[in-house]
Amino acid sequence: MAKLQAIRGMNDILPDQTPNWQYLEKCFQEVVHRYGYREIRFPVLEQTQLFKRSIGEVTDIVEKEMYSFDDRNGDNLSLRPEGTAGCVRAADQHGLLFNQQQRLWYQGPMFRHERPQKGRYRQFQQFGVEAFGMAGPDIDAEIIQLSASLWNDLQLSDYLTLEINNIGAAEDRKRYAAALTAFLFSHADELDDDARNRMHSNPMRVLDSKNPDVQVLLKNAPALLDYVSEDSTEHYSTLKALLEQVGISFIENPRLVRGLDYYNNCVFEWTTDSLGAQGTVCGGGRYDGLVEQLGGKPTVAAGFAMGVERLVLMLDSLGKIPPSTAQVIDVYMLVVGKELTAASQLLAKQLRERFPALRLVAHCGGGKYNNQLKRAYNSGAEVAIVLESEPGEVLETVKIRRLDDSAEFVSVELAKTADKLGEILSIS
RNA sequence: GUGACUGUAGCUCAGCUGGUAGAGCACUGGACUGUGACUCCGGUGGUCGCGGGUUCGAAUCCCGUCAGUCACCCCA
């Protein structure tokens, strides 16, 4: 029978890697707590309609990347491709957004059916932050500052660049899209196939075209900036001033157009060139219209999401994982002789009770002294406790041996093992 | 969805222009050693991703398929 394997693009994270993930999770949680954000958890599955209405019908995500299926009731469900939609649904459904402000964070797997490559997988992990009910640019600055705090804690600041842009209010973009479409229509014969397709479905994304000929043509296209309302412009310039005042440098990227329809006004991305093609590590912005669009009362909002796999890759390749993150044990207990099974388990239990923080592995499975000692060395433990007796003999003493080059050891009465161990390891 | 490269023991790989497989590490038995690592001797372990085809004969050529890697696209 053929062996079953993991679904394409869905990775197993093995014990060698999990400490790195735990380190990143710990840092992220410390930062969000520092800023007073509270965790929210919501399902991995939602009605497909939720994502269509929030992300947008004609986006790549909804058109070709969602894992959708009919469940046994005939409802069409989808694995969440991102977190914001579910977060808004959950928060609104439970009244968290009714005339109040909320600062929320979440973490969990997202799913998109794309071709896997470095930093891009079909199941991937995101950290996200969503702030509701705050209209000013101060909250935008806050979440950007929050992300910058994390880069600082992770020692990644030198490798990340903040890009920002103002994409205007929803009405602004509507008017602009109309003007842009008209322009593109009048030059349709000069566009490539890709641009011509997008011209109908999502004209703003023609601006992203990598085709140099198209880019030349676009120089004469209407500019979004000319359609952005005064309110938006003022909001945006206040944000820029705030960022400068708190010492966060940024570059303005007028071509930064996020792939999800719900964004408005200021959007941002943190990018790096140390990851290959998938350079975006964190992306977000305002989405003032989304709550209402999903049936809630009008509620302004802003948020971002970051890709955990990409951050782990960065930390790994840049050598930014602290050595203390590695999980090692303190004590390896050798058990030489079958008759000692009960004695070893009892002693191990007593030691764990006496030193709750002690990490102790008691050997199981028998085997020769040599093999067990080898395992003890390979485990990275600081000391080994050796239980050894001849058949029929009662165990009265144990040896405590340092697992370094000195190989020093002492014999100690069984009953005094804990005291001696505490002395040797300087713990109490 | 498109393209390029790759797919041989648990891991890293060798196997020239086709004649049905090897090394190192790891694991394991033993020798040495007052007890791991070092050194020496022995052993377990692969239907060469899977399925077809060409051939007297294929890991080695051809086709398909699955998977991995990277890029396009898009995004975290």
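Every chain is numbered from 1 and lettered A, B, ... according to where its sequence line falls, protein lines coming before strand lines. As the structure is a prediction and not an experimental result, all values here were calculated from the model.
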| query | What is the ring orientation for A/His363 with A/Tyr332, classed by angle as parallel under 30°, tilted 30 to 60°, or perpendicular over 60°? | reply | tilted

| remark: Pairing partner of B/C38, by Watson-Crick or G-U wobble and under 3.5 Å for both distances, is none

| field | Side-chain touch A/Lys64/A/Asp60, heavy atoms, less than 4.5 angstrom | value | yes

| query | If pairing requires Watson-Crick or G-U wobble contacts with both distances under 3.5 Å, which nucleotide is the partner of B/C70? | reply | B/G3

| task | Provide the distance between the two C1' atoms, one in B/A76 and one in B/A37, to the nearest whole Å. | result | 44 Å

| Hey, would you say the A/Trp270 and A/Phe304 ring centroids sit under 6.0 Å apart? | no

| Say you pick atom P in B/G15 and the same atom in B/U6; how far apart are they, in whole Å? | 13 Å

| query | Distance between the C1' atoms of B/U8 and B/G22, in whole angstroms? | reply | 10 Å

| request: Sticking with atom P, work out how far B/U17 lies from B/C61, rounded to a whole angstrom. | output: 8 Å

| request: For each nucleotide in nucleotides 25-40 of chain B, reading 5' to 3', give B when a protein heavy atom comes within less than 4.0 Å of its base, S when such contact involves only the sugar-phosphate, and - otherwise. | output: --SSSS----BB----

| task | For B/A71, take OP1 and OP2 only and decide whether either is under 4.0 Å from a side-chain N or O of A/Gln117. | result | yes

| field | B/G49 and B/A59, which share atom name P, separated by this distance in whole Å | value | 10 Å

| message | Check for me whether the distance between the ring centres of A/Phe183 and A/His187 falls short of 6.0 Å. | response | yes

| field | Distance between C1' atoms of B/U28 and B/G45 (Å, rounded) | value | 11 Å

| request: Check whether any side-chain nitrogen or oxygen of A/Arg112 sits under 4.0 Å from OP1 or OP2 of B/C75, and answer yes or no. | output: no

| query | Does anything in residues 165-175 of chain A pair up under side-chain hydrogen bond (donor to acceptor under 3.5 Å, both in side chains), and if so which pairs, sequence neighbours excluded? | reply | A/Asp172-A/Ser229

| task | Step through the shown structure and confirm whether more than 12 heavy atoms of other residues, nucleotides or ligands are within 6.0 Å of CZ on A/Arg38. | result | no

| message | Once you apply a heavy-atom cut-off of 4.0 Å, does A/Phe111 come out as touching a base, just sugar-phosphate, or nothing? | response | nothing

| query | Does B/G22 pair with anything, Watson-Crick or G-U wobble, both distances under 3.5 Å, and if so, with which nucleotide? | reply | B/C13

| said: Within the structure provided, determine whether A/Phe268 and A/Asn253 are in side-chain contact (heavy-atom separation under 4.5 Å). | reply: no

| said: Please classify the nucleic acid contact of A/Glu269 as base, sugar-phosphate, or nothing, using heavy-atom distances under 4.0 Å. | reply: nothing

| Looking for any heavy atom pair under 4.0 Å, which part of the strands does A/Gly276 touch: base, sugar-phosphate only, or nothing? | sugar-phosphate

| query | What does A/Gly284 touch in the nucleic acid at a heavy-atom separation under 4.0 angstrom: a base, only the sugar-phosphate, or nothing? | reply | nothing

| Any donor-acceptor pair under 3.5 Å joining the side chain of A/Arg115 to the base of B/C70? | no

| request: Any side-chain hydrogen bond (donor to acceptor under 3.5 Å, both in side chains) involving residues 316-325 of chain A? Give me the pairs, sequence neighbours left out, ordered by first then second residue. | output: A/Gln17-A/Asp316

| request: Report yes or no: is there a donor-acceptor pair, N or O only, under 3.5 Å between the side chain of A/Arg310 and the base of B/C75? | output: yes

| task | Under 4.0 Å between any heavy atoms, over every strand shown, what does A/Ile61 touch: base, sugar-phosphate, or nothing? Just pick one. | result | nothing

